Amino acid sequence: MPETVLVTGGAGFIGSHTCVELLGHGHDVVVVDNHVNSSPEALDRIAKIAGRPLAGAYRADVRDRKALREVFSSHPVDAVIHFAAHKAVGESAARPVEYYDTNVAGTCALLAVMHEQRVHRLVFSSSCSVYGDAGTVPLTERSPVAPTNPYARTKLMCERILEDVCDHLPQLKVLALRYFNPVGAHPSGLLGEDPRGVPGNLMPYVAQVAVGRRAQLSVFGDDYPTPDGTGVRDYIHVMDVAEGHRVAVGHLDDRTGMRVFNLGTGTGTSVLQLVAAFGEVSGRPVPYRVAGRRAGDVAELVADPSAVAAAWDWATTRDLTAMCRDAWRFQELHPDGYSCRPPRAGGPTTGESPCG
Ligand code: UFG
């Protein structure tokens, strides 16, 4: 069982919840994050919830090999979970070069330093969006892939690179997890999703409308071939995603090479169903208007989660009500998010508390 886990993007939405889960199960955790879309405040919250500190936290970009080398030299890293990446579909169409640079070049830089430092265990953060429009739902890991936007293509490219590297470096053990749509928050209300600027994803947008920070939701298309015409997704509670990563770390040594797993619930929910569920849980109806389709979107993405269940004897447990309830608790407690000042440049971030 890997003891010390390096988590890139550990202050981000999924990363921070995964750190809590790892610390709670006895791992030592080191975070690397450049805070381009995350707050250092999340690091203090992680330690508070877990009741013990991170082994280290560094403000650094994953493309910065020198910085990565220093982190690896300072900690006995046994395994890496690589979250650090850009993740918004719409933004990826507007800023594709940035997406390829951070997501693909960042993964290569990390792999290079891991190789130098003889660290051979990696859990890679992939995405259901690699399936694109190609498959019929539910999607298994053998469903055809056909990404429809630059973000999804960066994830598929990384998978291909990892597969090829594993073929040539037999000591490597890689698990790529294709997660569906992570939402929700830690049940304590201390940790949650706090995107910078206008939220690119549905659940944080809905939560910000409910709390009064935004006037109304734009529903991107109601003419899809789905029961109510709006996009259907497999929303998964972020605590289930975090748990899935912790379980994955324990299975890295099952065998060498590259393996790919879906991380989803198997249940599809439309935009309008999510809006209704959130309104019910929060007691605040969410006003919306139907807008045009968003470029790069697909009608339906729902997982067949049976491969992970068979391999790890593990399944998700939290339903849509829990996802909405926990997302709402965080939003209600933090109407303006973590509301931090911009982080200071350079150096370790542990112990800093930039929030007033
Ligand atoms: N949607 C709206 N209005 C919004 C935002 C989204 O109607 O303001 C709709 C979308 O059209 C889609 C559904 O809500 O039908 C979900 O959209 P998201 O943007 O929340 O998520 P995506 O399905 O586009 O998935 C992307 C990535 C995933 C990632 C997920 C959460 O492809 O890999 O975001 O970060 F997991």
Side-chain angles (χ1 to χ4, degrees), residues 9 12-15 17 37-38 83 85-93 99 103 124-133 137 139 145-156 158-159 176-184 192-210 213-238 240-241 244 262-265 268-278 286-303 320 323-324 327:
F13 175 45
I14 306 174
H17 291 78
N37 190 31
S38 71
F83 290 110
H86 293 304
K87 61 153 199 172
V89 167
E91 185 184 70
S92 79
Y99 270 66
N103 295 8
F124 175 70
S125 175
S126 189
S127 166
C128 65
S129 60
V130 298
Y131 295 115
D133 247 338
V137 299
L139 296 149
V145 288
T148 57
N149 56 71
Y151 161 70
R153 266 176 228 117
T154 66
K155 289 295 174 183
L156 187 58
C158 288
E159 283 194 15
L177 305 184
R178 291 177 178 164
Y179 8 102
F180 281 64
N181 287 56
V183 296
E193 189 165 13
D194 179 23
R196 294 252 159 111
V198 181
N201 295 119
L202 180 64
M203 182 68 106
Y205 204 107
V206 166
Q208 291 192 9
V209 172
R213 199 164 144 190
R214 300 190 187 277
Q216 65 175 2
L217 171 75
S218 294
V219 174
F220 296 144
D222 67 350
D223 56 352
Y224 284 105
T226 59
D228 65 18
T230 65
V232 168
R233 295 290 183 274
D234 184 339
Y235 295 96
I236 173 171
H237 197 297
V238 67
D240 277 329
V241 178
N262 285 340
L263 221 54
T265 67
T269 303
S270 74
V271 174
L272 294 183
Q273 284 173 326
L274 188 142
V275 165
F278 199 97
V286 177
Y288 66 85
R289 71 176 181 99
V290 175
R293 290 185 180 193
R294 180 173 66 177
D297 263 354
V298 300
E300 195 168 4
L301 289 169
V302 179
L320 185 65
M323 298 177 211
C324 293

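Whatever order the structure lists them in is the order used to number ligands and atoms, beginning at 1. Please read all numbers here as calculations on a predicted model, not as lab measurements.
- When each atom of ligand 1 is checked for a heavy atom of Ser129 under 4.0 Å away, the hits are 32 (O).
- Within ligand 1, the atoms closer than 4.0 Å to a non-hydrogen atom of Pro182 are 36 (F), numbered from 1 in the order shown.
- At least one heavy atom of Phe180 sits less than 4.0 Å from an atom of ligand 1.
- Counting only residues at least two apart or in different chains, salt bridge (Lys or Arg N to Asp or Glu O under 4.0 Å) contacts with residues 225-234 comprise Arg233-Asp297.
- Regarding atom 12 (C) of ligand 1, its nearest protein heavy-atom neighbour is Arg233 NH2, 3.7 Å.
- Scanning for salt bridge (Lys or Arg N to Asp or Glu O under 4.0 Å) contacts around Arg213 gives an empty result, with sequence neighbours left out.
- The shortest contact between atom 35 (O) of ligand 1 and any protein heavy atom is with Asn201 OD1, 3.3 Å.
- Closest approach of Val206 and Val286 over heavy atoms only: CG1-CG2, 3.9 Å.
- For Arg293 (side chain) and Asp223 (main-chain N/O), a donor-acceptor pair under 3.5 Å exists by modelled atom type.
- Annotation: atom 21 (O) of ligand 1 to nearest protein heavy atom, Asn181 ND2, 3.0 Å.
- Residue contact check: Gly231 has heavy atoms under 4.0 Å from atoms 15 (O) of ligand 1.
- Listed by number with element, the atoms of ligand 1 under 4.0 angstrom from any heavy atom of Val219 are 7 (O).
- Using a 4.0 Å cut-off between heavy atoms, Tyr235 contacts ligand 1 through its side chain alone, with no backbone atom that close.
- Taking a cutoff of 4.0 Å between a charged side-chain nitrogen and a carboxylate oxygen, Arg294 and Glu91 do not qualify as a salt bridge.
- Formation of a donor-acceptor pair under 3.5 Å by the Thr226 side chain with backbone atoms of Val232 is not found in this model.
- Below 30°, between 30° and 60°, or above 60°: for Tyr99 and Tyr151 the angle between ring planes is above 60°, a perpendicular geometry.
- Atom CD in Gln273 sits 7.0 Å away from atom OG1 in Thr230 (nearest 0.5 Å).
- Of all atoms in ligand 1, numbered sequentially from 1 with element shown, those under 4.0 Å from a heavy atom of Gly200 are 19 (O).
- Between the side chain of Lys155 and the backbone N or O of Ser125, at least one donor-acceptor pair lies under 3.5 Å.
- If you check which protein heavy atom lies closest to atom 4 (C) of ligand 1, you get Phe220 CE1, 3.3 Å.
- Contact annotation: for Val232 versus ligand 1, there are no heavy atoms closer than 4.0 Å.
- Applying side-chain contact (heavy atoms from CB on, under 4.5 Å) to Leu202 and the options Val183, Thr269, Val271 leaves one that passes, Val271.
- Close to ligand 1: Tyr151, with a non-hydrogen atom less than 4.0 angstrom away.
- Here the protein heavy atom with the shortest distance to atom 9 (C) of ligand 1 is Val271 CG2, 3.7 Å.
- Of the heavy atoms in Arg294, only side-chain atoms (C-beta onward) come closer than 4.0 Å to ligand 1.
- Residue Asp297 touches ligand 1 through its side chain alone, judged by heavy-atom distances below 4.0 Å.
- At a heavy-atom distance under 4.0 Å, only backbone atoms of Ser218 (N, CA, C or O) approach ligand 1.
- Considering backbone and side-chain atoms alike, Leu202 places an N or O below 3.5 Å from some N or O of ligand 1.
- The nearest protein atom to atom 33 (O) of ligand 1, hydrogens excluded, is given as Ser127 OG, 2.5 Å; this is a heavy-atom distance.
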Subject >> side-chain hydrogen bond (donor to acceptor under 3.5 Å, both in side chains) evaluation trace for Ser126 with Glu159 >> reply: CA-CA 8 Å; Ser126 189; Glu159 283 194 15; 2.6 Å; yes
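- Below 4.0 Å from some heavy atom of Lys87 lie the following atoms of ligand 1, by number and element: 35 (O).
- Of all non-hydrogen atoms in Val145 and Leu156, the two that sit nearest each other are CG2-CD2, 3.8 Å.
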